[in-house]
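Following: one structure in structure tokens, then a few remarks.
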Protein chains: 2
Amino acid sequence: MNTREGVPLIDRISKKERHQLLLKIIGQNPFVTDRELTRELKVSIQTIRLDRMELGIPELRERMKQMAEHSYDQVRSLSLDEVVGEIVDLQLDKSGISIFEIREEHVFTRNSIARGHYVFAQANSLAVAVINDEIALTASADIRFLRQVHLNEKCIAKAYVRSMAGQKGKAKVEVFTYVGDEMVFQGNFVIYRSTLEDNSEGGVQDADRH
Amino acid sequence: MNTREGVPLIDRISKKERHQLLLKIIGQNPFVTDRELTRELKVSIQTIRLDRMELGIPELRERMKQMAEHSYDQVRSLSLDEVVGEIVDLQLDKSGISIFEIREEHVFTRNSIARGHYVFAQANSLAVAVINDEIALTASADIRFLRQVHLNEKCIAKAYVRSMAGQKGKAKVEVFTYVGDEMVFQGNFVIYRSTLEDNSEGGVQDADRH
DNA sequence: TACTACCTTAGTACCAGGTTCTAAGAGAAA
DNA sequence: TTTCTCTTAGAACCTGGTACTAAGGTAGTA
């Protein structure tokens, strides 16, 4: 044990401890190089590399690549997220259907139950989308969460336009969300609509909606 | 101009065109190497590198690093996002305040008005957070969007626990959201709570909540 | 026609941050 | 003493570049 004179075990830590420390350091800062790690852990660069191998930690560049790819995927899926849920059927001013699968990022980590606002967001997005109007905004809503929705469940929301209130600027939309044939959510939305209200801005109500 | 025999200007494009193409290709796939680009653009690797220099496009590794750093920041801010909005005051089972700033990603691109479900999400998160319970889930809600919220506006949500319904498993929470001193949203939430319901699982109601 | 400017290509040296492999020493256990 | 694990060292090699020098083609112009 460290045959030197008075110095007994100064900062000599076990392999296991070093591995824990290594995981922690890389966890906190994934952009650290092996050379920087030698300074923090006081071992040679070869040891660092053996450690990474044992722990299955890829090299810095690979770590960055994975993060970059991950973020690229995320950005792409977020930009698709104009609407929460995928609209699979849409009859403007009549009805619409959207599908939304509950993933990790939508649930409480404690119990894997979906956060209410994601279920709401799907219904809200669909209620807005189904209104054939340039500007459609939620005015109010009356909602019920009928049963908990869990990780990996697929929510199918169906929206029906119930009343156009004589073009008076508001539409009522009813949304039912199902998992399988169980209803998990029900909401009555009142949606503001812009067109044909007071000033007819002419011809925009057929603008491209997808 | 291409002194060879019959072949006139076959896929000989101008520098400008090549630059446009280069930008497009890297835009579509930031993970492309210079070597791969030589195959797509039919020029030498030196030309590719001169082009990148002129256009100020960094090398592959630098591009990946930037994306990774960007996503790292995002992930960190997202993981704070257990709750939509930042909770600045919390008196469990009594009241809470959260702040949420409307950014680009929260608005309709057309008119920069916040999507309703973000405003709802802030209120819903706060309503759930204010309940001092292991498991708290939204059962139903009655909400009003009182005025549109625009890009860069700061929403301040205040939640008040109105009734504990005699520990019967439900709590009523009222949430008011303001921009400045204007009320923009109001919601009445009914929140399921787990503890002290039918089976007393003992001592968990003081579990760490932050 | 020659001169000049620009574009393109080739090649070399060098770099960071590694992998892979061989080898050897130190300390502890059998 | 031998054996084993842990640690360190060093060399060869890899990818995806940068930085720099040099040379050839092409085009326009005097």
Side-chain angles (χ1 to χ4, degrees), chain A residues 1-23 25-69 71-72, chain B residues 1-23 25-69 71-72:
Chain A
M1 45 181 77
N2 221 333
T3 48
R4 308 284 176 74
E5 59 274 26
V7 198
L9 298 168
I10 277 206
D11 52 46
R12 199 78 189 159
I13 60 172
S14 77
K15 195 176 166 180
K16 229 173 200 168
E17 290 174 297
R18 199 180 55 235
H19 280 191
Q20 289 311 307
L21 208 54
L22 188 66
L23 284 166
I25 294 171
I26 294 186
Q28 281 174 355
N29 174 22
F31 299 95
V32 68
T33 63
D34 287 358
R35 193 160 305 279
E36 288 164 349
L37 287 166
T38 63
R39 288 195 278 274
E40 290 207 60
L41 297 179
K42 316 266 188 218
V43 288
S44 73
I45 203 160
Q46 281 78 3
T47 303
I48 299 287
R49 286 168 179 170
L50 284 170
D51 285 354
R52 270 201 299 103
M53 257 198 209
E54 282 186 66
L55 294 169
I57 301 173
E59 61 163 302
L60 168 62
R61 284 161 173 170
E62 189 53 37
R63 295 197 299 269
M64 292 199 304
K65 189 181 173 192
Q66 285 175 10
M67 293 179 71
E69 279 170 342
S71 87
Y72 193 57
Chain B
M1 44 184 77
N2 221 333
T3 47
R4 307 285 177 73
E5 58 274 28
V7 198
L9 297 168
I10 276 206
D11 52 45
R12 198 79 189 158
I13 60 173
S14 76
K15 195 175 166 181
K16 229 173 200 170
E17 288 174 297
R18 200 181 54 235
H19 280 191
Q20 290 310 307
L21 208 54
L22 188 67
L23 284 166
I25 293 170
I26 294 187
Q28 282 174 355
N29 174 21
F31 299 94
V32 68
T33 64
D34 287 357
R35 193 160 304 281
E36 287 164 350
L37 287 166
T38 64
R39 289 195 278 275
E40 291 206 61
L41 296 180
K42 316 268 187 216
V43 288
S44 72
I45 203 160
Q46 281 77 4
T47 303
I48 298 288
R49 287 168 179 171
L50 285 170
D51 285 354
R52 270 201 300 104
M53 256 198 212
E54 281 187 67
L55 294 170
I57 301 172
E59 60 164 303
L60 169 61
R61 284 162 174 168
E62 190 53 37
R63 296 197 299 270
M64 292 199 302
K65 190 182 173 192
Q66 286 174 11
M67 293 179 71
E69 280 170 343
S71 88
Y72 191 57

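The chains referred to below are lettered A, B, ... by the order of the sequence lines, with proteins before strands, and numbering in each begins at 1. Bear in mind that the values here come from a model prediction, so they are computed numbers and not experimental data.
Taking atom CD1 of A:I45 as the reference point, atom P of D:dG10 lies 12 Å away to the nearest angstrom. In this structure, A:M64 atom CE and D:dG17 atom P are separated by 12 Å, rounded to whole Å. Atom CZ in A:F31 sits roughly 15 Å away from atom C1' in C:dG17 (whole-Å rounding). If you take CZ of B:R35 and P of C:dT9, they are 14 Å apart, rounded to a whole angstrom. Atom CZ of A:R63 and atom P of C:dA16 are 18 Å apart (whole Å). Separating the CD atom of B:E62 from the P atom of C:dA16 is a distance of 15 Å, rounded to the nearest angstrom. Across the protein-nucleic acid pair, A:L37 atom CG and C:dA16 atom P stand 17 Å apart, rounded to whole Å. Atom pair A:L60:CG and D:dG17:P shows a separation of 15 Å (rounding to whole Å applied).
Residue-level contact check: B:L50 touches the bases, meaning some heavy atom is under 4.0 Å from a base atom. Contacts of B:R18 with the nucleic acid, taken as non-hydrogen atoms under 4.0 Å apart, involve only primed sugar atoms and P, OP1 or OP2.
Using a 4.5 Å heavy-atom threshold, the side chains of A:M67 and A:F31 count as touching. Under the 4.5 Å side-chain criterion, counting only non-hydrogen atoms from C-beta, B:D34 is not in contact with B:E59.
Of the candidates C:dG17, D:dA19, D:dG16, D:dA19 carries the atom nearest the B:M53 side chain, counting heavy atoms from C-beta on. When distances are taken from the side chain of A:K15 to each of D:dG17, D:dT7, C:dG17, the shortest belongs to D:dT7. Distance from the side chain of A:R52 is smallest for C:dG18 among the nucleotides D:dT8, D:dG16, C:dG18. In this structure, of D:dG17, C:dT9, C:dG17, it is C:dG17 that holds the atom nearest to the side chain of A:T33. Between D:dT8, C:dA10, D:dA19, one nucleotide has an atom nearer to the side chain of B:Q46 than all others, and that is C:dA10. Distance from the side chain of B:R49 is smallest to D:dT18 among D:dT7, C:dC7, D:dT18. Side chain of B:T47, nearest nucleotide from C:dT8, C:dG17, D:dT7: C:dT8.
Taking both residues in full, the closest heavy atoms of A:E54 and A:H19 are given as OE1-CE1, 3.7 Å, listed atom of the first, atom of the second, then distance.
Between A:D34 and B:E54, it is B:E54 whose nearest contact on DNA chain C lies nearer the 5' terminus.
Side-chain atoms of A:R61 and base atoms of C:dG17 include a donor and an acceptor less than 3.5 Å apart.
The main-chain N or O of B:I25 is never found under 3.5 Å from a side-chain atom of B:Q28 such that the two would form a donor-acceptor pair.
Atom OG of A:S44 and atom CG of A:L37 lie 12.0 Å apart (nearest 0.5 Å).
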